[in-house]
Amino acid sequence: MDSFIPTSRSVGHSLLTHAFCAMWCVHYANRALVYPLRQASRKPMHIGVGLASCMFNSINGYLNGRWLAVFSDGLYNETYLYTHKWRVLFGLCLFVLGMAGNIYHDNILLRLRRPASGKSNNRYSVPEGGLFAVVSCPHYFCEVVEWVGFAILTQSPAAWTFVLSTLCNLLPRAYSIHKWYMREFPKYPTNRKAMIPCVI
């Protein structure tokens with residue numbers, strides 16, 4: 001039985017494979033470690049939500065890791081960058097821009113929740129700046145862009161499945177948040193969409 005741990009056959013000692021793994025780890029280091037520590041306060045989470053999140057991320061991580069470690073056997077060799085240079089460049093740009101946009105818009109939301117006094121702010125306000133001018137949840141949009149870039153980079157069926165599941169997860173949440181903003185703030189900008197600019 002093949003091991004999940006990369007072997008010389010499964011990854012061919014490809015630096016590119018390790019680079020893809022590093023990109024994955026950087027994203028989740030920020031999402032799972034850095035971001036929670038920066039929050040001024042955290043609302044209680046239902047245990048069912050936490051368990052579902054753990055299950056989803058475990059399965060998703062396994063499938064994408066399995067692809068990179070085993071099923072991509074020989075794909076990311078020394079010629080990959082040359083034969084797919086435009087795909088790699090485009091995917092990398094999307095990933096970097098998506099992650100940067102995700103962090104940027106997260107920072108805007110964090111500043112709203114942490115005023116100059118440094119204390120937690122329990123009052124809600126309308127976020128402004130960046131893509132908040134056109135959508136209610138640009139951090140969600142940027143996360144999707146980030147993973148689309150990763151899927152283009154890796155040509156991985158597991159990564160494209162992750163993009164689809166991310167959309168299915170974030171679109172309803174974005175729509176719910178968008179409706180909440182419109183309900184709570186009568187003067188909320190009517191030109192804003194929920195998550196995808198000019199679409200929904």
Side-chain angles (χ1 to χ4, degrees), residues 23-24 26-28 30-32 34-36 38-57 59-61 63-64 90-115 120-153 156 158-200:
M23 293 165 67
W24 183 281
V26 167
H27 169 87
Y28 277 102
N30 174 69
R31 178 57 59 204
V34 177
Y35 179 75
R38 298 179 62 206
Q39 289 181 299
S41 63
R42 300 180 65 183
K43 294 181 179 179
M45 178 186 294
H46 190 280
I47 188 171
V49 175
L51 290 174
S53 178
C54 288
M55 181 178 295
F56 169 79
N57 283 289
I59 294 172
N60 180 53
L63 292 176
N64 280 275
F90 182 56
L92 182 61
C93 286
L94 286 182
F95 183 88
V96 172
L97 289 174
M99 184 168 185
N102 194 352
I103 294 172
Y104 173 77
H105 294 100
D106 277 346
N107 286 340
I108 292 176
L109 292 174
L110 288 171
R111 283 196 295 270
L112 287 179
R113 298 166 188 166
R114 185 187 294 111
S120 176
N121 185 6
N122 293 322
R123 297 174 60 186
Y124 291 98
S125 55
V126 177
E128 302 286 350
L131 291 178
F132 277 113
V134 291
V135 291
S136 296
C137 299
H139 48 315
Y140 290 172
F141 172 70
C142 288
E143 182 151 347
V144 172
V145 169
E146 183 181 353
W147 292 120
V148 167
F150 186 82
I152 291 173
L153 266 172
S156 164
W160 282 114
T161 301
F162 183 30
V163 170
L164 180 60
S165 63
T166 299
L167 275 170
C168 291
N169 176 34
L170 295 184
L171 268 175
R173 290 168 61 183
Y175 186 76
S176 177
I177 292 171
H178 180 67
K179 288 298 183 184
W180 182 88
Y181 276 129
M182 295 181 70
R183 184 172 63 251
E184 293 295 319
F185 300 97
K187 295 184 179 181
Y188 191 72
T190 56
N191 64 307
R192 291 190 190 184
K193 298 295 184 180
M195 189 177 107
I196 303 175
C198 304
V199 179
I200 187 173

OH of Y175: more than 12 outside heavy atoms within 6.0 angstrom? no

May I ask you to decide if C142's main-chain N or O and N102's side chain share a donor-acceptor pair within less than 3.5 Å? no

Once you round to the nearest 0.5 Å, how far does CG of L109 lie from OH of Y104? 11.0 Å

Distance (rounded to the nearest 0.5 Å) between I59 CD1 and C54 SG: 11.5 Å

So do I108 and H139 actually touch side chain to side chain, heavy atoms under 4.5 Å? no

Closest non-hydrogen atom pair between G91 and L153, with its separation: C-CG, 3.7 Å

Distance (rounded to the nearest 0.5 Å) between I177 CD1 and M182 CE: 14.5 Å

Over 60° means perpendicular and under 30° means parallel, so classify the ring planes of F95 and W147, tilted if in between. perpendicular

In Å, rounded to the nearest 0.5 Å, how long is the span from OH of Y181 to OG of S176? 11.5 Å

Taking all non-hydrogen atoms of both residues, which atom of L63 and which atom of A158 are closest, and how far apart? O-CB, 3.8 Å

With side chains defined as the heavy atoms from C-beta onward, is the minimum distance between H178 and I200 less than 4.5 Å? no

What verdict does the side chain to side chain contact (heavy atoms under 4.5 Å, CB included) test give for M23 and L92, after you've listed the backbone C-alpha separation in whole Å, the side-chain angles of each residue and the deciding distance to 0.1 Å? CA-CA 10 Å; M23 293 165 67; L92 182 61; 4.2 Å; yes

Are any non-hydrogen side-chain atoms of R173 and C137 less than 4.5 angstrom apart? no

Other residues, nucleotides, ligands: >12 heavy atoms within 6.0 Å of F56 CZ: yes

How far apart are the closest heavy atoms of L167 and P172, and which atoms are they? O-CD, 3.9 Å

OG of S136 to NZ of K193, rounded to nearest 0.5 Å, is 10.5 Å

Does a side-chain heavy-atom distance below 4.5 Å link E143 with H27? yes

Looking at every heavy atom in both S125 and L112, which two are closest together, and how far apart are they? OG-CD2, 3.3 Å

Grab the two heavy atoms, one from N64 and one from S156, that are nearest each other, plus how far apart they are. OD1-OG, 4.3 Å

Kindly assign one of parallel, tilted or perpendicular to the pair F162 and W24, based on the angle between their ring planes and the thresholds 30° and 60°. tilted

Any donor-acceptor N/O pair, N191 side chain to A133 backbone, under 3.5 Å: yes

Is the shortest side-chain heavy-atom distance between R192 and V126 below 4.5 Å? yes

Examine distances only and state if a side-chain atom of H105 and a backbone atom of G130 form a donor-acceptor pair shorter than 3.5 Å. no

For a side chain to side chain contact (heavy atoms under 4.5 Å, CB included) check, start with the C-alpha distance between I152 and L94, then their side-chain angles and the critical distance, and finish with the verdict. CA-CA 9 Å; I152 291 173; L94 286 182; 3.8 Å; yes

